[in-house]
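None of the values given here were measured: they were computed from a predicted structure. All values below come from the heavy atoms of this structure, side chains included, with hydrogens, waters and symmetry mates left out. To find a chain, count down the sequence lines: A is the first, B the second, and so on, and within it residues start at 1.
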Number of protein chains: 2
Amino acid sequence: MSAEYRSPSEQQRAEARREQILCAAATCFRNHGFHGASIAQISKAAGMSAGHIYHYFDNKEAIIAAIVERDLEYLLTLSAQLRAARDTREAMIEHVTEGVRRSLEPDDAGLKLEVVAEAARNPQVAEIVREADRVCRASLATTLRAIRRADGHDDDDGAIDTMVELLAAMFEGLMIRGIRNPQMDRAAVARRFQATVRQLLTQP
Amino acid sequence: MSAEYRSPSEQQRAEARREQILCAAATCFRNHGFHGASIAQISKAAGMSAGHIYHYFDNKEAIIAAIVERDLEYLLTLSAQLRAARDTREAMIEHVTEGVRRSLEPDDAGLKLEVVAEAARNPQVAEIVREADRVCRASLATTLRAIRRADGHDDDDGAIDTMVELLAAMFEGLMIRGIRNPQMDRAAVARRFQATVRQLLTQP
DNA sequence: GGTTCTAGATTGAACGCTCATTCTATGTTA
DNA sequence: TAACATAGAATGAGCGTTCAATCTAGAACC
């Protein structure tokens, strides 16, 4: 019965192994797409045999799902950080530059687009993506509401949600822009984004 | 030597056959992704044998390239239409609703995201996509400049280009939003987009 | 401390299948 | 008859997945 016991180091090791596979898979998916990347490629990149991957994941789909789930953290952390700032509004505006830079990072963007494209046709992936998005939106909405309240505005929920959508569309759209037009003037775009976000946050 | 002659009906027929393949391929790519869709599937959807597809396209990559090239038309036509309108600015703002609707169309969005994701890793596709984007940007920039001039603003090229990037990011981002949050309030988002575009066009 | 036992980690070959592509044979049409 | 359209089988490679066989490290016992 107590055969299920795992020493901490064993658990750690298993976790590290899973992480190793996920990192290798992320690279392969980025370079060849979900269906273009083979288990053989992933196992080679992870430094283990193909068969062994199936000790940690049921199948290829499960690897995709795990990768999607990992990506939830960033925006949540950011949103919490902003709320903790002295002047949340200016902290957010300040952070736009970093957000633009991040969206234009080709590796990040490539994998995220791969995930969204997969979500557009794979219901299982779609569900994970949508749940993650729901959590992110809720967090961003809270931050937005705090900013607007501090400035004396009292928006209804719908208005806040719509602001969230516009912000999300702008930064997610930038991932596509970075691929379609890699020569864009990033600094100028960052300034324009900053101005637009400021207008959005301070409008009556 | 003159064996290369084709009667008009022969040419037409061949063109129709190519189109038939491209439509079938677009559907398959949308549903299964570039690498997930097989020639067998495409040939079935196109109502011909797998081997016969190779009479019209060198290989699968060539089909992808042809599909990407077909998609250039829409924005060019739109941009020209707007410029022809009496009040270009109001015509553009008016058209935002339609643009939002289009970006949220799941089939269109799915295929376009598939293409961008492929461009992120396939240099051949990337080149086609970037050239098409360059043409679209130029057209939109001309329209934008006309609007701003009519209102007495004299922006430098960089400012116009940056406006184009912001507009493009918003609408392309909306394709992602439609997948990540299908329940969004589309009408409210359309209004918010309209207001943002108006601000962009009329700002000092 | 040395030996045996054991359970999980790991491998690599094997399986059945599907892939993109090629080839050959047959139909069609002018 | 000549040239092209088309089908469908053939090819060889590679796919995701399974599995029997080994390895390894530590627990249990002497």
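The CD1 atom of B:Ile39 sits 16 Å away from the C1' atom of D:dA7 (whole-angstrom rounding). Atom pair A:Arg17:CZ and C:dG8:P shows a separation of 17 Å (rounding to whole Å applied). Counting to the nearest Å, the P atom of C:dC19 and the NZ atom of B:Lys60 are 9 Å from each other. If you measure from atom NE2 of A:His32 to atom P of D:dC15, you get 10 Å, rounded to the nearest angstrom. Per the geometry, CD1 belonging to B:Ile64 stands 12 Å off C1' belonging to C:dA20, to the nearest Å. Atoms CD1 (B:Ile42) and C1' (C:dT21) sit 13 Å apart, rounded to a whole Å. Here the P atom of nucleotide D:dT22 and the NE2 atom of A:His52 are 18 Å apart, to the nearest Å. One can place CD1 of A:Ile63 at 14 Å from P of D:dC15, the figure rounded to the nearest angstrom.
A 6.0 Å sphere centred on CD of A:Glu19 holds more than 12 heavy atoms belonging to other residues, nucleotides or ligands. Counting heavy-atom neighbours within 6.0 Å of A:Glu127 CD, excluding the residue itself, gives a total of 12 or less.
B:Tyr54 has no side-chain polar atom (N or O) that falls below the 4.0 Å cut-off from OP1 or OP2 of C:dC23. Remark: B:Ser38 is not in phosphate contact with C:dT18, judged by side-chain N or O atoms under 4.0 Å from OP1 or OP2.
Residue A:Ser49 has its side chain nearest to C:dT11 when only D:dG16, D:dT17, C:dT11 are considered.
As judged by a 4.0 angstrom heavy-atom cut-off over every strand, B:Phe57 is placed among residues making no nucleic acid contact.
With the nearest nucleotide of DNA chain D identified for both A:His55 and A:His35, A:His35 has the one nearer the 5' end.
For B:Asn122 and B:Glu61, the side-chain atoms include at least one donor-acceptor pair closer than 3.5 Å.
Screening B:Glu165, B:Arg134, B:Arg130 against A:Asn181 for a side chain to side chain donor-acceptor pair (under 3.5 Å) leaves a single residue, B:Glu165.
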